[in-house]
Student: 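Below is one structure. I have some questions about it.
Each chain gets a letter, A, B and so on, in the order the sequences are listed, and its residues count up from 1.
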Protein chains: 2
Amino acid sequence: MTLDADRLEADAPAPAPESQRARMGRAPVTTHGELSHLALGLFLERGFDKTTVDDIVRAAGIGRRTFFRYFASKNDLPWGDFDRLLDEMRAHLAAMPDDIPLMDALREAVVDFNRFPDEELTFHRERMWLLLNVPSLVAHSTLRYASWRQVIAEYVARRLGVGIDSLTPQAIAWSCLGLCLAAYEQWLAHDDADLLELLDASFRRLAAAYSSAA
Amino acid sequence: MTLDADRLEADAPAPAPESQRARMGRAPVTTHGELSHLALGLFLERGFDKTTVDDIVRAAGIGRRTFFRYFASKNDLPWGDFDRLLDEMRAHLAAMPDDIPLMDALREAVVDFNRFPDEELTFHRERMWLLLNVPSLVAHSTLRYASWRQVIAEYVARRLGVGIDSLTPQAIAWSCLGLCLAAYEQWLAHDDADLLELLDASFRRLAAAYSSAA
DNA sequence: GATACTAATGACACCGAGTGCCGATTGGAA
DNA sequence: TTCCAATCGGCACTCGGTGTCATTAGTATC
């Protein structure tokens, strides 16, 4: 669930050389990341709902129609290149040894996945604050989480030797998502909180609830 | 998560006597439930996105502006009187003895909560199919689920003697929601499936995953 | 340098959801 | 009959999002 722009969108301020610049046709006027950054700033400044798409395109100096070629919707702006992140998590899980208990593997993968440099912390926090507090974004996020869940379900299905669409992998994936979101909520609610500890705790608390006779 | 119109919206076809009819001012031309039923029919027939609000108000014979006084958004149409349902679940949980293990109590409450007459099964299935398959509704549902989660969190917080906003109740509530949704997805995907068994299984599978050393 | 090709841009018109405003209805109560 | 209260519904407007299409700006070829 780590969503840091600088880690995700390799492209910085400038229109960017984009790896090897050797394409044909007109060059893009901006980048995904640049727009995302710009919009995020406006959202935090004026609020998400009070910032119109027209405000954004005016600030970016691009046409309204062009904007919707970079992002499918205004709701997608706070998300970075999420798909790339998912690939990373998939690889991370695939690299884990099969002899550790399933839920431990998931917990460790999720925790480790959310480890990121201190300097990105503030930015990440702002981004996640929006995603978890603006109703429109909260709702939209669900659609993005679906692919996140699939990565978990994929791994669980392989470990258990069952179909990815069967109950157990899906139930565990859903539950993991919930545990992460609960941890994120706590993290956002408490300035001094440590995200990694919260994620770890979230998984362990549920385990405790299941095993406890209380 | 049971959402049956006939169980929820006491009002049937007619404008309804509405408990004690003794209000002042002009009488309402329709009801929440009537509109919900009508719209649900159109959604299943033509699809959610291809059914405009104008289609609905035309079919209902009311003004467009009036529609938005009954429902805050088109997305709210498939939901019944959800708040009343939540009250029922809250009461159900409150009535459970405190000596049964926490997760067992939650599982039983959730399962029992989704018990409903066979004749409502088809209707409930259609309704839930929309809520879990139409992207716009999937996204919007998240906002409704928040209050469902709070009911769970409330109970867990009381049982554990901690604050409702602290990590454990919220994590468990999130997880429960996930387990329910996973069960619902299976139920919708398999014609012959039994919802109650799936809900029960969903909870037990996660428990197994936590305790298993595999 | 001229030409062809390609890909991105942005203007315009249009649609549908949702809102603010306000006068018009319709019921019960005085 | 008059007054009041609550609902109705029309209208205009905002905003997100889409389809269409001519334009622009790069690369490659001759």
Student: Please list, chain by chain and in numerical order, all residues satisfying salt bridge (charged side-chain N to carboxylate O under 4.0 Å, His left out) with B:Arg107, sequence neighbours excluded.
Tutor: B:Asp104, B:Asp200
Student: Could you state the CZ-C1' distance from B:Arg58 to D:dG10, rounded to the nearest angstrom?
Tutor: 15 Å
Student: Taking only residues two or more places apart in sequence, or in another chain, which ones meet A:Ala59 in a side-chain contact (heavy atoms from CB on, under 4.5 Å)?
Tutor: A:Leu38, A:Leu42
Student: If you restrict it to nitrogen or oxygen atoms, what contacts under 3.5 Å exist between nucleotides 1-6 of chain D and the protein, and what is each distance?
Tutor:
unit_1	atom_1	unit_2	atom_2	d
D:dA6	N3	B:Arg26	N	3.3

Student: I'd like to know if B:Asp55 pairs up with B:Lys50 as an ion pair, taking the criterion as any Lys NZ or Arg NE/NH1/NH2 lying under 4.0 Å from an Asp or Glu carboxylate oxygen.
Tutor: no
Student: Which residues pass the salt bridge (charged side-chain N to carboxylate O under 4.0 Å, His left out) test with B:Asp54, not counting sequence neighbours?
Tutor: B:Arg64
Student: So, using salt bridge (charged side-chain N to carboxylate O under 4.0 Å, His left out) as the criterion, who are the partners of B:Asp165 when residues are at least two apart?
Tutor: none
Student: Can you give each donor-acceptor pair under 3.5 Å made by side-chain atoms of residues 128-139 of chain A, sequence neighbours left out, with the distance rounded to 0.1 Å?
Tutor:
unit_1	atom_1	unit_2	atom_2	d
A:Asn133	ND2	A:Trp129	O	2.8
A:Ser136	OG	A:Asn75	OD1	2.9

Student: Would you give a per-nucleotide map of nucleotides 13-21 of chain C, 5' to 3', where B means the base has a protein non-hydrogen atom under 4.0 Å away, S means only the sugar-phosphate does, and - means neither?
Tutor: ---SBBBBB
Student: Think B:Tyr70 has a side-chain N or O under 4.0 angstrom from the OP1 or OP2 of D:dC8?
Tutor: yes
Student: Kindly write out the residues that satisfy salt bridge (charged side-chain N to carboxylate O under 4.0 Å, His left out) with A:Arg90, not counting sequence neighbours, or none if the list is empty.
Tutor: A:Asp87, A:Glu154
Student: Show every donor-acceptor pair shorter than 3.5 Å between a side-chain atom in residues 187-196 of chain A and any protein atom, with sequence neighbours excluded, or say none if there are none.
Tutor:
unit_1	atom_1	unit_2	atom_2	d
A:His190	ND1	A:Gln186	O	3.0
A:Asp194	OD1	A:Leu196	N	2.9
A:Asp194	OD1	A:Glu197	N	2.9

